[in-house]
Protein chains: 2
Amino acid sequence: MDLGGLTVEEYLKENGIKPSYQRIRIFEYLIKNQNHPNVDTIYRALYKDIPTLSRTTVYNTMKLFREKNITQMINIEDTETRYDADVSPHGHFKCTQCGNIFDVRMDVSDMEVEGLDSFRVEETHLYFKGTCDDCIEEKKS
Amino acid sequence: MDLGGLTVEEYLKENGIKPSYQRIRIFEYLIKNQNHPNVDTIYRALYKDIPTLSRTTVYNTMKLFREKNITQMINIEDTETRYDADVSPHGHFKCTQCGNIFDVRMDVSDMEVEGLDSFRVEETHLYFKGTCDDCIEEKKS
DNA sequence: GTATCTGCAAAACATTTGCAATTCT
DNA sequence: AGAATTGCAAATGTTTTGCAGATAC
């Protein structure tokens, strides 16, 4: 993740977000841990350092980040929403064994999709589910 | 939707599902109404005819259908899971105005995706979000 | 007659809301 | 001081679970 040479604080300001302590820490977490976390994972990780942090603040912050377009939502399972600070067009692969989500580079321009003429497309989401290499190896041994 | 000349009852049996009255009615609803309904929509529609029906049964049934691979889950919003009795590979477009979901034909073989070599892919999901033609027209007038 | 299926009520879980206390400028 | 932000507690909405009664083969 590259913020174009900006600090997190500058990047947030640039995108119309007041850089509060919590918001900076949450965004820092997102770019340092490219693990596509859900709200609870973010909360637990930061709670160690910021014991006053509440889940509500994480929810509020993720909602704000989404509105300002500096994160995208990943809805693969119905049970949890995960987040990605990389908003460039790319896909995801979720391993159903370990639960990890991996980035998948994709060239949307390659995609020949019929029947989209009558729609104004604002978002494109592509994801795969299956088993990752590590989990395949694990089963063999 | 084509069941290959089978009745719903035969189709369910064929797929290892005991064709109870509720299951038949639910599956019939899915193939007659290609509206990608959520559990509540299915429940409300059938409740008129089957007043003893419970949401639990709809949930149970949808879980069973998924396991037997005669429906697929559509997770576009974090708030609701929707279902499709068409399990052939295709994408979806959700209009954020009216909430309708439309099928989008796609040829997966056209898709050039890098970095999937190390994964065993079991499912591919493609969806778009935006505004449909009807809702664009509506705003103009 | 025994397995399975259904459906009620309660529980579980993620997310949102209302509001009071806190923080920042 | 005034506006925005935080965080608690309660509410909401969806889905799951436990279990008793009904149904089917």
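Values below: every heavy atom of this structure, side chains too, minus hydrogens, waters and symmetry copies. Residue numbering restarts at 1 for every chain, and letters A, B, ... go by the order of the sequence lines. These figures come from a predicted structure and were not determined experimentally.
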Per-nucleotide protein contact string for nucleotides 4-10 of chain D, where B marks a base within reach and S marks sugar-phosphate only (heavy atoms under 4.0 Å, - for neither) = SSSBBB-

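In the model, B/Thr41 has a side-chain atom that pairs as donor or acceptor with a side-chain atom of B/Asn38 under 3.5 Å.
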key: Full working for salt bridge (charged side-chain N to carboxylate O under 4.0 Å, His left out) between A/Arg66 and A/Asp84   = CA-CA 10 Å; A/Arg66 232 188 311 147; A/Asp84 193 342; over 6 Å; no

request  = List the steps, then state whether side chain to side chain donor-acceptor pair (under 3.5 Å) holds for A/Thr131 with B/Glu122.
outcome  = CA-CA 8 Å; A/Thr131 315; B/Glu122 280 143 21; 3.3 Å; yes

task = Apply salt bridge (charged side-chain N to carboxylate O under 4.0 Å, His left out) to A/Arg120 and B/Asp134, showing your working.
result = CA-CA 11 Å; A/Arg120 187 201 294 141; B/Asp134 285 357; over 6 Å; no

Candidate pair A/Arg25 and A/Tyr21, rule side chain to side chain donor-acceptor pair (under 3.5 Å), full reasoning = CA-CA 6 Å; A/Arg25 294 300 302 274; A/Tyr21 179 64; 2.7 Å; yes

ask   = Checking salt bridge (charged side-chain N to carboxylate O under 4.0 Å, His left out) for the pair B/Lys94/B/Glu77: CA distance, chi angles, key distance, verdict?
value = CA-CA 10 Å; B/Lys94 171 162 183 177; B/Glu77 304 299 337; 3.6 Å; yes

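Base pairing annotation: C/dA3 forms no Watson-Crick or G-U wobble pair, as no partner gives both donor-acceptor distances under 3.5 Å.
Under a hydrophobic-cluster definition in which Ile, Leu, Val, Met, Phe, Trp and Tyr are linked whenever side-chain heavy atoms come within less than 4.5 Å, directly or via other members, A/Ile31 and A/Ile17 are assigned to the same cluster.
When all heavy atoms are compared, the tightest approach of A/Arg23 to A/Phe65 is O-CZ, 3.7 Å. A pairwise comparison of heavy atoms in B/His125 and B/Met73 identifies CE1-O, 3.9 Å as the closest pair. Smallest separation of non-hydrogen atoms from A/Gln97 and A/Cys135: CB-SG, 3.5 Å.
For the segment residues 65-85 of chain B, residues with any heavy atom less than 4.0 angstrom from an atom of DNA chain D are, sorted by number, B/Thr79, B/Thr81.
Sorted by first and then second residue, the salt bridge (Lys or Arg N to Asp or Glu O under 4.0 Å) pairs involving residues 6-19 of chain A (not counting sequence neighbours) form an empty list.
Side chain of A/Arg82 to backbone of A/Pro37: no donor-acceptor contact under 3.5 angstrom is found.
The nearest heavy atom of DNA chain D to B/Pro19 and to B/Asn38 marks one nucleotide each, and the one closer to the 5' end goes with B/Asn38.
Atom-to-atom, CZ of B/Arg44 to C1' of D/dT14 comes out at 13 Å; the value is rounded to the nearest Å.
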Provide a list of protein-nucleic acid N or O atom pairs under 3.5 angstrom, restricted to nucleotides 19-24 of chain D.
none

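Under the rule for a ring-ring contact (aromatic ring centres under 6.0 Å, His included), the partners of A/Phe102 that lie at least two apart in sequence or sit in another chain are B/Phe119.
Heavy-atom contacts of chain A under 4.0 Å fall on DNA chain C between two terminal nucleotides, which in 5' to 3' order are C/dA14 to C/dT17.
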